[in-house]
Amino acid sequence: MRRFIPHILLAAGAAVMLLPFYWMILTSIRTPAEIFDISLWPVPDRFNGVENYGQAATSVPIARFMLNGVIVCSGILFVQVLTAVPAAYALAKLRFPGRRILMALVIAALCVPMQALALPLFVGLAQANLLNTYFAQMAPFFLSVFAIFLFRQSFRSYPDEIIEAARMDGFSEMEICWGLVLRGSLPSLAAFAIFSVVAHWNDLYWPMIVVSDTALAPPPLGMLLFSDAETGANYGALMAGATMITAPMIVCFVLARRHFIAGITMTGVK
Amino acid sequence: MTRKSIDLSGIRKSFGQTQVLADIDLQVREGEFLSLVGMSGCGKSTLLRIIAGLEMPDGGQVAIGGNDVTALDPSDRNLAMVFQSYALYPHMTVRQNIATPLRMRTLSLPARLPLVGRLLAPREARNRIAEAVNDAAEMLQIVHLLDRKPAQLSGGQRQRVALARALVRQPAAFLMDEPLSNLDAKLRAHMRDELAALHRRLGATFIYVTHDQVEAMTMSDRIALMIEGRIEQLGTPDELYRTPATLAVARFIGSPTINLLPAEVSPEGRLQVAGIETGLVTEPGPATLGIRAEDIHLAPEGIPARLIRTETHGADRYLTCQLATGDGQTIVLRQGASDPRPAHPQDKVHLRFAEGSAHVFGPDGRRRNHSHHRMVAA
């Protein structure tokens with residue numbers, strides 16, 4: 001009995017975490033009349049999924065929102081990796097004056113919330129006439145101190161002797177960094193990619209500030225505009241839309257789950 | 001195979017406040033197998049890394065084949081290094097690992113890229129590399145492993161791959177940093193022979209770092225024994241064994257450790273141990289007498305002692321004796337197993353040491369000249 005107790009506790013925790021998702025999916029297949037029924041019975045009185053999903057898919061350009069989400073998330077991830085990997089490599093493996101101070105700054109920067117920077121960033125982007133662009137949605141996230149920190153922790157465990165062997169063989173530092181060290185840390189790259197993509201796919205705060213054009217809206221902002229303009233209080237269709245935009249993230253996580261967990265446990269983060 | 005001399009002059013290096021190398025001068029002759037030996041922390045690895053270019057000296061010069069390379073990058077020195085952990089590239093097959101030094105030297109950056117590189121690398125260059133890889137693999141008998149990844153190899157096999165990767169590019173010299181220390185004892189002895197054979201076959205310059213005096217003694221042409229960032233003595237294994245320049249060298253080289261007895265030299269120059277005449281004559285003052293285990297014998301008369309332990313090691317037998325006088329100094333002596341069986345423990349015995357076999361060191365630890373006056377007569 002004793003060894004089941006942890007599992008029971010974990011299952012209870014998982015149930016709490018999964019309940020909103022369950023509720024979302026349940027609502028997405030219910031009729032408007034049944035929406036406010038507090039019963040969590042999985043079979044609705046009348047299956048309304050086709051109508052709800054149909055409405056979500058046709059009344060708003062959901063494909064457009066998703067495409068926007070893909071563009072923004074992949075743009076952010078690409079530049080984040082491009083900048084964080086060399087920085088992390090330098091902090092983890094190169095000896096230079098000021099390394100400790102730079103590392104301390106990275107950790108300090110982890111403590112600065114996005115919200116604190118929102119106003120100056122908004123003003124800057126507005127001055128540069130860049131509001132309502134993909135660039136405005138991506139730019140504040142190009143430099144990720146979290147990525148630098150995560151990769152640095154992971155790179156530190158890469159054997160120094162292999163790096164030295166590579167130097168003697170004539171590898172450049174960039175080749176060592178990308179071709180050897182990052183290659184040895186693919187789980188942490190997978191872990192970071194999931195963190196980053198999920199965070200920015202789901203982000204509503206920043207797109208709301210810099211985007212007002214529906215054609216540029218990422219999924220959550222699109223859903224918000226959708227609930228306002230088109231459907232009013234049609235929660236069934238709204239939840240159908242939410243289910244559709246959440247699905248890619250869930251698929252993405254399930255596919256990379258093993259690497260994600262390896263990446264987190266390996267680096268000692270969390 | 002190219003072979004180059006390596007000349008170090010005035011090499012100094014400190015890490016922070018700690019000085020690890022103090023003014024090292026060392027000439028490694030072309031084609032020589034030279035070992036850098038010492039305890040951990042004596043600076044031998046740092047010196048090797050300075051030769052390799054992985055570490056910059058604070059002062060001094062490194063020359064390879066007469067050319068000053070002190071300012072050159074590691075890859076421009078044309079040296080090959082074998083690391084203690086072998087340092088194979090984990091994501092590459094054995095074949096790719098061995099080919100890497102050649103690819104880096106002969107192919108341009110675009111031609112080294114994955115996938116597209118295959119189209120850009122000239123066929124002829126690729127063939128030459130493949131041939132060289134096969135030759136190296138054959139020399140080290142790892143042809144059957146070429147398509148495996150390092151993680152699928154045993155320690156000894158990884159060692160061979162590391163050696164193949166080193167020799168494939170025909171370097172000016174081989175640098176080895178404790179390459180055998182991760183192997184088990186039996187394999188280590190085997191690889192020792194193989195390394196020595198490889199050195200003979202290639203005729204290349206080898207610089208070999210180890211803390212294991214047996215490795216150094218068995219393979220080297222010359223040994224540089226390092227202590228606290230200095231070269232304490234440089235010479236052939238025989239020279240270090242037979243004429244250690246200092247007490248520290250005598251203590252480091254040889255197994256079992258040399259017997260060291262505190263001694264007193266009378267004003268007339270007669271050396272006494274625990275009040276017993278030894279028949280050695282040297283400068284007056286306190287001294288230390290060193291005698292190797294094989295230079296002491298049981299005899300009908302000599303220094304009185306008591307046998308306290310016998311250890312049999314197959315062909316050899318080690319006897320531990322305690323001097324009858326003085327403060328209970330012990331002495332280890334070695335016998336052949338065919339020698340007459342020694343007395344029983346606790347029995348009284350007499351020891352003598354072979355003429356010309358004693359080493360006398362002054363209070364400064366330096367070797368002292370001495371002559372052999374007459375044999376011990378206690």
Side-chain angles (χ1 to χ4, degrees), chain A residues 78 81-82 85-86 88-101 103 151 153-193 256 258-259 262-263 265-267, chain B residues 15-16 45 48-49 51-56 72-92 96-110 112-114 117 150-151 158 161-162 165-166 168-169 171-179 182:
Chain A
F78 179 76
V81 171
L82 198 69
V85 166
Y89 172 67
L91 288 173
K93 290 296 181 189
L94 303 182
R95 275 180 292 169
F96 56 91
R99 178 166 88 144
R100 294 170 73 98
I101 292 176
M103 191 62 212
F151 288 139
Q153 294 304 96
S154 160
F155 290 176
R156 258 156 58 103
S157 63
Y158 197 83
D160 286 326
E161 288 198 338
I162 297 182
I163 295 177
E164 288 173 349
R167 288 197 185 126
M168 296 201 68
D169 281 346
F171 283 78
S172 67
E173 291 299 316
M174 276 298 169
E175 284 175 285
I176 293 173
C177 170
W178 293 98
L180 295 176
V181 179
L182 180 62
R183 194 141 185 176
S185 301
L186 288 182
S188 57
L189 180 62
F192 175 70
R258 206 160 47 84
H259 298 295
T265 48
M266 199 172 67
T267 53
Chain B
F15 290 121
S45 285
L48 192 76
R49 292 162 53 80
I51 297 171
L54 295 169
E55 206 80 67
M56 282 304 270
L72 289 188
D73 281 337
S75 56
D76 298 331
R77 300 186 181 199
N78 193 24
L79 299 170
M81 186 140 162
V82 178
F83 293 87
Q84 183 172 3
S85 64
Y86 320 131
L88 302 177
Y89 303 119
H91 63 281
M92 296 185 191
Q96 291 165 330
N97 259 289
I98 301 175
T100 296
L102 293 179
R103 288 168 52 84
M104 298 307 293
R105 294 167 73 81
T106 56
L107 301 183
S108 63
L109 177 63
R112 298 201 301 262
L113 289 175
R158 284 181 211 185
V161 176
R165 185 176 69 175
V168 72
R169 59 153 151 192
F174 289 88
L175 310 179
M176 309 208 173
D177 191 1
E178 309 235 6
N182 286 349

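A note on names: the letters A, B, ... follow the listed sequences, proteins ahead of strands, and every chain is numbered from 1.
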One option among Arg165(B), His91(B), Met81(B) has the most heavy-atom pairs under 4.5 Å with chain A, and it is His91(B)
Heavy-atom pair of closest approach, residues Tyr86(B) and Glu161(A)
N-OE1, 4.3 Å
Rounded at 0.5 Å granularity, tell me how far CE in Met104(B) sits from CE in Met168(A).
13.5 Å
Using heavy-atom distances under 4.5 Å, tell me whether Arg103(B) contacts chain A through its side chain, its backbone, both, or neither.
neither
Region of Arg183(A) in contact with chain B, defined by heavy-atom distances below 4.5 Å:
side chain
For the interface with chain A, which of Ala162(B), Ala80(B), Pro74(B) has the highest count of heavy-atom pairs at distances below 4.5 Å?
Pro74(B)
Should Tyr158(A) and Pro90(B) count as side-chain neighbours, where that means a heavy-atom distance under 4.5 Å?
yes
dist Phe83(B):CZ -> Asp160(A):CG (nearest 0.5 Å) comes out at 10.0 Å
Heavy atoms of other groups near Phe15(B) CZ, more than 12 under 6.0 Å:
yes
For Leu88(B), is it the side chain, the backbone, both or neither that has a heavy atom under 4.5 Å from a heavy atom of chain A?
backbone
Using a cut-off of under 4.5 Å on heavy-atom pairs, state which of Arg167(A), Glu164(A), Glu175(A) scores highest against chain B.
Glu164(A)
Relative to chain A, which of Arg105(B), Gln84(B), Arg77(B) shows the most heavy atom pairs under 4.5 Å?
Gln84(B)
Here the gap from Leu180(A) atom CG to Tyr89(B) atom OH, rounded to the nearest 0.5 Å, amounts to 6.5 Å
Ile163(A) side, atom CD1; Leu54(B) side, atom CG - distance, nearest 0.5 Å
11.0 Å
